[in-house]
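These notes concern the structure reproduced below.
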2 protein chains.
Amino acid sequence: MEALAEYFKVFSEPNRLAVLEALHQGSLNVTAVVEATGLSQALVSKHLKLLTIAGVVRRRPEGSLVYYEVIDRGVFRLLATAEKQLQVSRQQQLNALQAVL
Amino acid sequence: MEALAEYFKVFSEPNRLAVLEALHQGSLNVTAVVEATGLSQALVSKHLKLLTIAGVVRRRPEGSLVYYEVIDRGVFRLLATAEKQLQVSRQQQLNALQAVL
DNA sequence: TCGCGGTATCACGACAACGTTATACTAAAC
DNA sequence: GTTTAGTATAACGTTGTCGTGATACCGCGA
């Protein structure tokens with residue numbers, strides 16, 4: 001429960017999700033991710049480091065470039081599952097509102 | 001992506017997961033959750049409020065007690081999916097270590 | 001060897017979330 | 001109507017995370 005919370009935290013930042021989203025298409029170097037997301041280079045580097053430490057993404061230096069890629073695409077399944085569940089929760093929020101009005 | 005991150009944030013706190021875990025067995029009032037988790041009453045109240053606003057949990061006053069219950073048990077499926085993916089990531093962390101040593 | 005593009009890190013300020021203590025609210029019992 | 005158990009909220013200090021700007025590092029080509 002401790003570790004699970006920490007794992008969820010990895011996906012709880014919009015910019016980090018944007019970085020992941022960019023890597024959905026495959027392997028990209030840092031600059032490519034920067035361009036795909038519109039985030040600053042320093043910020044992208046930080047998020048990529050976090051994702052690497054989390055074991056979600058792999059770092060592969062190639063010459064002077066550094067490529068990153070999602071290791072196990074099961075994370076995208078996780079994202080999809082969460083998004084689906086989010087829809088359910090949204091509906092419940094509406095129901096709760098309706099019960100009040 | 002914005003909203004999805006926010007949704008992940010709901011599950012990114014150990015104590016909140018503990019509260020959810022307690023509600024796995026069904027409907028409980030606040031005091032029961034407090035006893036099940038060992039958290040302070042004020043803290044449990046806060047987390048329950050958050051979970052309610054998030055549309056994950058439903059509040060049902062009954063007399064002077066207030067019962068809470070998970071609305072859609074699909075969240076537990078989400079937790080299970082995340083836990084499974086966590087295992088994968090853990091393995092990748094080990095692999096990364098091994099590549100260094 | 002020097003310069004340069006690409007990447008990583010540092011130091012910092014801003015801000016949000018957590019947990020606690022104390023207190024307010026509410027409904028039932030007396 | 002007062003008390004009491006259960007629940008919610010307020011105020012506060014602490015801590016962690018985010019994003020930025022500046023700078024360091026690294027590999028390569030001139």
Presence of Arg16(B) side-chain N/O under 4.0 Å of dC18(C) phosphate oxygens OP1/OP2: yes
Side-chain donor/acceptor of Gln93(B) to backbone N/O of Ile53(A), under 3.5 Å: yes
Gap between atoms CG and P, on Leu39(B) and dG19(C) respectively (whole Å): 7 Å
5' precedence on DNA chain D between Ser64(A) and Pro14(A) (nearest-nucleotide basis): Pro14(A)
Sugar-phosphate, base or nothing in reach of Thr31(A), heavy atoms under 4.0 Å: sugar-phosphate
Closest approach of Ala18(A) to Thr37(A) (non-hydrogen atoms, all atoms of both residues): O-CG2, 3.8 Å
Whole-Å distance separating the CG atom of Leu43(A) from the C1' atom of dT9(C): 13 Å
Whole angstrom value for the distance that separates C1' of dC18(D) from CG of Leu17(A): 14 Å
Spacing between Phe11(B) atom CZ and dA17(C) atom C1', to the nearest angstrom: 17 Å
Short side-chain N/O contact to dG6(C) OP1/OP2 from Tyr68(A), under 4.0 Å: no
5' precedence on DNA chain D between Lys9(A) and Arg59(B) (nearest-nucleotide basis): Arg59(B)
For atom CG of Leu28(B) and atom C1' of dG6(D), their distance in whole Å: 15 Å
Separation of dT20(C) C1' from His47(B) NE2 (nearest whole Å): 12 Å
Touch class at under 4.0 angstrom, heavy-atom based, for Lys46(B) against every strand present: base
Side chain Arg16(B), main chain Val10(B), donor-acceptor under 3.5 Å: yes
Nearest atoms (heavy-atom pairs only) where Ala32(A) meets Asn29(A): N-OD1, 2.8 Å
Value in whole Å for how far the P atom of dG27(D) lies from CG of Asn29(A): 16 Å
Integer-rounded Å distance: dT7(D) P and Glu62(B) CD: 11 Å
Side-chain N or O of Tyr67(B) closer than 4.0 Å to phosphate OP1/OP2 of dG6(D): no
First encountered from the 5' end of DNA chain C, between Gln41(B) and Ala42(A): Ala42(A)
Aromatic plane relationship, Phe8(A) with Phe11(B) - under 30° parallel, 30 to 60° tilted, over 60° perpendicular: tilted
Side chain Glu13(B) and base dA17(C) donor-acceptor under 3.5 Å: no
